Protein chains: 2
Amino acid sequence: MNLRDLRYLLAVAEHEHVGRAAEACGISQPTLSVQLRKLEELLGVALFERGSKKVVPTAACEALIGHVRTAVAEADAILAVARGLHDPMAGRFRLGIIPTLAPYLLPLVFGPLRDALPALELEPWEDQTTVLLKRLRAHELDAALLASEVDGPDLASQPLFAEPFLAALPPDHPLAGQAVVAEAELAPDILVLADGHCLRDQALEACGRSGALGHTLRAASLSTLLNMVAAGYGTTLLPALAAGAAQDAGIVLRPLATNAGRTVRIAWRTSFPRRLALDAVGGVIATRLRGFAAGAATGMV
Amino acid sequence: MNLRDLRYLLAVAEHEHVGRAAEACGISQPTLSVQLRKLEELLGVALFERGSKKVVPTAACEALIGHVRTAVAEADAILAVARGLHDPMAGRFRLGIIPTLAPYLLPLVFGPLRDALPALELEPWEDQTTVLLKRLRAHELDAALLASEVDGPDLASQPLFAEPFLAALPPDHPLAGQAVVAEAELAPDILVLADGHCLRDQALEACGRSGALGHTLRAASLSTLLNMVAAGYGTTLLPALAAGAAQDAGIVLRPLATNAGRTVRIAWRTSFPRRLALDAVGGVIATRLRGFAAGAATGMV
DNA sequence: CTGCCATGATAGACGGAGCCTATCAAAAAG
DNA sequence: CTTTTTGATAGGCTCCGTCTATCATGGCAG
């Protein structure tokens with residue numbers, strides 16, 4: 001059975017006239033006659049009683065026509081809804097973001113994203129890298145903002161911007177007097193995040209420490225880490241986007257001797273169909289953060 | 001858009017596997033791939049994200065699939081209902097019957113009709129001939145039981161049985177002493193039905209009277225007419241099927257000298273598609289009344 | 001690391017379904 | 001009786017859906 005034939009049926013039932021119904025359907029009268037007859041044969045019931053001046057729906061037709069109307073209406077609804085979904089820039093976009101980035105990046109890009117992609121319903125999801133990748137592969141996220149490369153043929157990524165690290169010091173720390181701090185100088189009393197945060201490993205690597213850090217404290221979040229630094233427990237390497245929050249906490253920031261930092265990337269499934277939305281989101285973020293690396297090395301945002 | 005493609009879509013969404021969905025649909029995997037792609041192109045949205053091991057419905061697909069399910073379900077409902085309507089012997093059958101026939105014929109044929117055509121929902125409609133023909137032509141009746149011929153190329157009819165007339169007399173009427181009554185003998189004090197009843201004209205014609213009957217009473221129904229005869233107001237010509245009711249009223253019945261009577265026919269639109277149901281109904285009535293004419297002339301039913 | 005298996009996409013060919021124009025048949029209208 | 005209206009039929013054309021055969025890619029195991 002064909003939806004087209006059902007539309008023909010409705011047209012004939014409405015007009016009670018094959019010729020006019022055919023015209024309404026945009027087909028010739030013979031075509032409609034033939035299709036109608038085929039439908040009757042398929043259903044095994046007479047749908048219309050052909051009189052000399054009128055074609056009148058039979059009782060069987062009356063019994064069926066409600067279902068026919070619903071079926072055709074649903075088909076139209078499919079087309080209408082699809083038309084509404086037509087724009088890949090529209091609809092829900094679930095974006096995973098690592099915890100050391102989300103609170104500092106989102107306030108910067110929410111506005112520009114809304115301006116550039118008003119129909120996109122952005123749903124941020126904050127979690128650590130491994131969780132984000134798992135959810136990304138499980139189709140529970142559409143893309144993710146990470147500070148690491150992704151591997152595997154099912155995922156791809158693209159760098160959006162470079163985020164330098166800054167030395168974060170308590171105001172009374174000996175290094176606070178220097179204009180520039182060498183990463184290795186931070187190593188003795190560096191504080192890092194808990195396991196699972198990519199920033200933890202990146203900070204340790206930047207300052208030349210191995211993974212063995214039995215005596216160091218481990219903060220569950222960057223916010224906590226900043227509080228610990230401000231309280232004089234030690235130093236840390238801070239992603240530049242968090243500079244504002246650190247300064248508010250009374251922490252002294254100093255550029256590093258090298259251009260150590262991390263690269264924020266957007267990652268997605270290679271099979272993800274809404275590449276345009278993906279590129280647009282990535283583009284807006286990259287544009288907003290353009291030139292950030294240069295300015296941020298001095299603590300300016 | 002084709003219902004077939006919607007079924008394909010549902011199959012793929014269910015199996016999350018093109019090959020197995022194709023098997024379930026009874027088509028080859030390439031065919032399903034092609035059709036799916038065409039549907040996506042038609043709708044303008046990606047319906048599935050093809051991964052290496054799975055095809056996963058996109059958000060757009062999730063938004064559409066409810067409508068798809070409904071449309072397909074309605075299409076199935078059409079087929080199912082049509083299958084139920086498939087039997088022309090089943091379903092509503094609106095049968096018009098003239099008032100001088102209905103109360104006496106229906107009790108005789110209701111049982112046999114129910115036995116022979118259990119799926120037929122018989123809806124009797126009692127009205128005078130002209131009204132029945134109007135309703136028949138307006139498709140408000142499927143057939144009609146009349147005592148007259150029909151004309152016009154849009155209607156046809158077939159005789160079912162002959163119904164003799166009997167002389168109906170008050171018990172104390174002079175003619176009650178005769179074994180047989182000549183129609184003309186009834187003319188002087190004959191009572192007839194109101195205008196519009198075909199029996200009125202037929203009775204007058206049988207007893208040789210013209211239409212001018214200024215002084216005679218006119219009953220609105222055969223039942224009233226019988227009461228009037230029983231009360232001694234006059235005589236009448238009675239269709240044989242009403243003999244039982246007349247005798248219950250204490251009326252004397254006598255056979256006529258001639259075999260005057262009327263022929264009950266079933267009439268229908270020539271375009272009426274359920275000829276089998278029509279013939280079956282007519283056949284059951286004719287069979288039930290077979291040999292009725294011979295026996296009824298003596299007042300026996 | 002390399003060959004094998006599973007899976008979906010693509011290509012080319014074939015058959016049927018749907019559509020058209022032209023024509024017919026029946027019935028109503030003038 | 002002719003004309004008009006209306007639906008049915010016939011023949012031909014085009015396109016769509018389907019098939020088989022083949023390719024491309026990613027996962028897995030030896």
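We name chains A, B, ... by the order of the sequence lines, and we start the count at 1 in each one. Computed from a prediction, not measured in an experiment: that's the story for all the values here.
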*Whole angstrom value for the distance that separates P of D:dT20 from CG of B:L32*: 15 Å

Distances under 3.5 Å between nitrogen or oxygen atoms of protein and nucleotides 14-17 of chain D:
residue: D:dG17; atom: OP2; partner: B:K38; partner atom: NZ; Å: 2.7

*Measure the spacing between CG of A:L120 and CZ of A:R92 and express it to the nearest 0.5 Å.*
11.5 Å

*Quickly work out the A:M1 CE to C:dG18 C1' distance and round it to whole Å.*
17 Å

*A:R50 with A:E40: basic N within carboxylate O range, under 4.0 Å*: yes

*In whole angstroms, how far is the P atom of D:dT18 from the CD1 atom of B:I27?*
6 Å

*Verify the distance criterion only: is there a donor paired with an acceptor across the side chains of B:S271 and A:E49 at less than 3.5 Å?*
yes

*Working to the nearest 0.5 Å, report the span between CZ of A:R7 and CG of A:L10.*
8.5 Å

*asked:* I want to check one thing: is the phosphate of D:dG7, taken as OP1 and OP2, less than 4.0 Å away from some side-chain N or O of A:H17?
replied: yes

*asked:* Quick check: on DNA chain C, is the nucleotide nearest A:S28 upstream (toward 5') of the one nearest B:P30, or the reverse? Name the residue that is more 5'.
replied: B:P30

*5'-most by nearest nucleotide on DNA chain C - B:D154 or B:E16*: B:E16

*Basic-acidic side-chain contact under 4.0 Å: A:R265, A:E149*: yes

*asked:* Would you say A:R50 places a side-chain N or O within less than 4.0 Å of OP1 or OP2 belonging to D:dA8?
replied: yes

*asked:* Is the phosphate of C:dA9 approached by B:R37 (side-chain N or O, under 4.0 Å from OP1 or OP2)?
replied: yes

*Using whole Å, report how far CZ of A:F48 lies from C1' of D:dA8.*
16 Å

_Value in whole Å for how far the P atom of D:dT9 lies from CD of A:E41_ = 11 Å

*Please give, in whole Å, the distance from D:dA24 P to B:Q29 CD?*
15 Å

*Whole-Å gap separating P (D:dT18) and CZ (B:R7)*: 13 Å

_Gap between atoms CG and P, on A:L36 and D:dT6 respectively (whole Å)_ = 17 Å

*Give a yes-or-no answer on whether the side chains of B:E74 and B:T70 include a donor-acceptor pair shorter than 3.5 Å.*
no

*A:Q29 CD: over 12 foreign heavy atoms closer than 6.0 Å*: yes

*Name the nucleic acid region contacted by B:G152, choosing base, sugar-phosphate or nothing; use a 4.0 angstrom heavy-atom cut-off, strictly under.*
nothing

